[in-house]
Visitor: 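Got a structure here, written out as structure tokens. Questions coming.
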Amino acid sequence: MKFISLGSGSSGNCYLLQSGETSIMLDAGISMRLLKKYLKDFDISLENDVAAVFVTHDHADHIKSVGSIACEYGKTIYATRLVHEGIACNRCLKITVPANCMAYLEKGTTVEVGNFRITSFDVPHDSHDCVGYVVEADGVRFCLITDVGHVTDTIREQVGLANYLVLESNHDVNMLLMGKYSPYLKERISGDEGHLNNEQAAMLLAEYATPQLRHVWLCHLSEENNHPVLARKTAEAVLRQHGIIPGVDFGLDVLKRKSPSEFYTLS
Ligand SMILES: [Zn+2]
Ligand SMILES: [Zn+2]
């Protein structure tokens with residue numbers, strides 16, 4: 001399996017997994033212009049190589065291009081019924097997903113696309129609905145957990161089972177507290193249905209990562225209330241306190257907000 005992040009954070013989230021001849025996309029929250037450019041740079045054809053898009057939830061930074069991908073390319077957009085309803089009434093979307101391109105996901109039920117086996121699970125967040133994804137192919141278990149208000153038993157279990165993990169590390173609590181966001185927004189972000197902070201992500205990893213975890217990418221960093229160095233240092237410090245050495249026990253990277261990652265091979 002191979003993995004690329006094409007963007008991560010409030011300006012747009014989009015991840016791509018490739019196995020054999022098939023690619024799938026997890027979220028399509030960047031513009032079509034950028035999506036086409038980045039895919040071309042990686043020599044991937046949206047038309048011929050990407051089989052489907054799996055959506056976590058109906059916030060604009062995750063769905064910006066799903067309508068165009070469905071309408072222009074006829075790709076299937078997988079989401080829960082509630083997320084599809086949220087997409088349909090999202091005013092940020094100029095083009096909505098036509099009914100013949102909608103596929104409804106049931107949490108806990110596995111969908112097969114090419115070599116991929118994709119299973120969604122519940123994630124608490126203030127959208128119509130929100131899911132994380134487990135994607136299995138080539139003997140590898142990849143897990144995406146983003147836009148997480150608080151850590152649940154399901155999330156702990158998925159961290160414990162992952163070989164490769166993309167995990168939200170949205171904000172630093174003090175930066176959010178001291179920053180210029182309104183009290184309402186601060187409460188929303190740090191609330192039970194908002195976003196995971198650096199310490200929460202680090203503790204989740206420290207307590208539930210197993211020796212089968214090979215690499216973690218911290219994702220969805222806030223531009224205003226976080227910094228890549230701070231997110232990494234917080235994770236490293238908490239992990240070391242728990243006897244885990246990043247770079248030795250498992251790899252640790254921070255995904256860039258506005259540019260693609262390298263093309264990682266997951267084996
Ligand atoms: Zn988001
Ligand atoms: Zn969100």
Side-chain angles (χ1 to χ4, degrees), residues 4-16 25-31 34-35 38 53-67 69 77-93 97 105 107 120-133 143-152 154-155 158 165-173 175-176 179 181-182 184-198 200-201 204 216-228 231 254-261:
I4 318 170
S5 166
L6 299 177
S8 180
S10 53
S11 46
N13 299 271
C14 186
Y15 307 108
L16 188 120
M25 217 174 264
L26 305 182
D27 285 338
I30 61 174
S31 69
L34 281 179
L35 183 59
Y38 293 158
V53 182
F54 289 79
V55 178
T56 58
H57 66 293
D58 51 295
H59 284 159
D61 56 321
H62 299 261
I63 58 169
K64 190 171 193 170
S65 291
V66 290
I69 293 171
I77 311 297
Y78 287 90
T80 67
R81 185 170 293 277
L82 285 172
V83 169
H84 270 306
E85 285 173 15
I87 293 171
C89 66
N90 192 314
R91 291 200 193 127
C92 300
L93 230 63
V97 179
L105 279 179
K107 289 171 203 166
S120 59
F121 56 90
D122 196 38
V123 168
H125 188 56
D126 57 1
S127 47
H128 278 73
D129 197 6
C130 187
V131 300
Y133 282 106
C143 184
L144 168 67
I145 305 175
T146 189
D147 295 59
V148 189
H150 64 277
V151 175
T152 62
T154 305
I155 289 171
Q158 293 301 345
L165 175 65
V166 176
L167 177 65
E168 173 168 58
S169 191
N170 178 260
H171 58 280
D172 173 77
V173 174
M175 283 179 78
L176 178 67
Y181 279 10
S182 69
Y184 163 77
L185 204 50
K186 288 179 184 182
E187 212 160 287
R188 208 214 110 201
I189 290 168
S190 60
D192 252 15
E193 303 256 280
H195 292 275
L196 218 58
N197 67 48
N198 291 345
Q200 287 172 312
L204 177 60
V216 175
W217 295 272
L218 299 178
C219 76
H220 212 294
L221 269 69
S222 166
E223 189 160 36
E224 190 69 36
N225 305 305
N226 208 351
H227 190 278
V254 178
L255 292 177
K256 289 187 207 118
R257 291 172 48 80
K258 290 178 182 169
S259 54
S261 66

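Both counts, for ligands and for their atoms, begin at 1 and track the order of listing. Predicted model only: the values in this text are computed from it and were never measured.
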Visitor: If only side-chain N and O atoms count, and only distance matters, is there a donor-acceptor pair under 3.5 Å linking His59 with Asp147?
Guide: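 The criterion, which ignores hydrogens and geometry beyond distance, is not satisfied for His59 and Asp147.
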Visitor: Within less than 2.8 Å of the Zn ion (ligand 1), any N, O or S from His220?
Guide: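 Of the N, O and S atoms in His220, at least one lies under 2.8 Å from the Zn ion (ligand 1), which means yes.
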Visitor: Could you walk me through whether Val131 and Tyr78 pass side chain to side chain contact (heavy atoms under 4.5 Å, CB included), step by step?
Guide: CA-CA 11 Å; Val131 300; Tyr78 287 90; over 6 Å; no
Visitor: Do Asn170 and Asn226 have side-chain heavy atoms sitting under 4.5 Å apart?
Guide: no
Visitor: Only one of Thr146, Asp61, Thr56, Asp27 forms a side chain to side chain donor-acceptor pair (under 3.5 Å) with Asn13, so which one is it?
Guide: Asp61
Visitor: Checking one value in my table: which N/O/S atom of Asp147 lies closest to the Zn ion (ligand 2)?
Guide: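 Atom name of the closest N, O or S in Asp147: OD2.
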Visitor: Tell me whether the rings of His220 and His62 are parallel (<30°), tilted (30 to 60°) or perpendicular (>60°).
Guide: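 Parallel: the ring planes of His220 and His62 meet at under 30°.
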Visitor: By atom name, which N, O or S atom belonging to His62 lies closest to the Zn ion (ligand 1)?
Guide: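 For His62, the N, O or S atom at the smallest distance from the Zn ion (ligand 1) is NE2.
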Visitor: Between His125 and the Zn ion (ligand 2), is there a contact where an N/O/S atom of the residue lies under 2.8 Å from the metal?
Guide: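 Checking the Zn ion (ligand 2) against His125, an N, O or S atom does fall under 2.8 Å.
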Visitor: Relative to the Zn ion (ligand 2), which of the N, O or S atoms in His59 is the closest?
Guide: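 The closest N, O or S atom of His59 to the Zn ion (ligand 2) is ND1.
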Visitor: Checking one value in my table: which N/O/S atom of Asp61 lies closest to the Zn ion (ligand 1)?
Guide: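 That would be atom OD2.
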Visitor: Can you name the N, O or S atom of His57 that is closest to the Zn ion (ligand 2)?
Guide: NE2
Visitor: Could you tell me if Thr154 and Asp122 have a donor-acceptor pair between their side chains, going purely by distance under 3.5 Å?
Guide: no
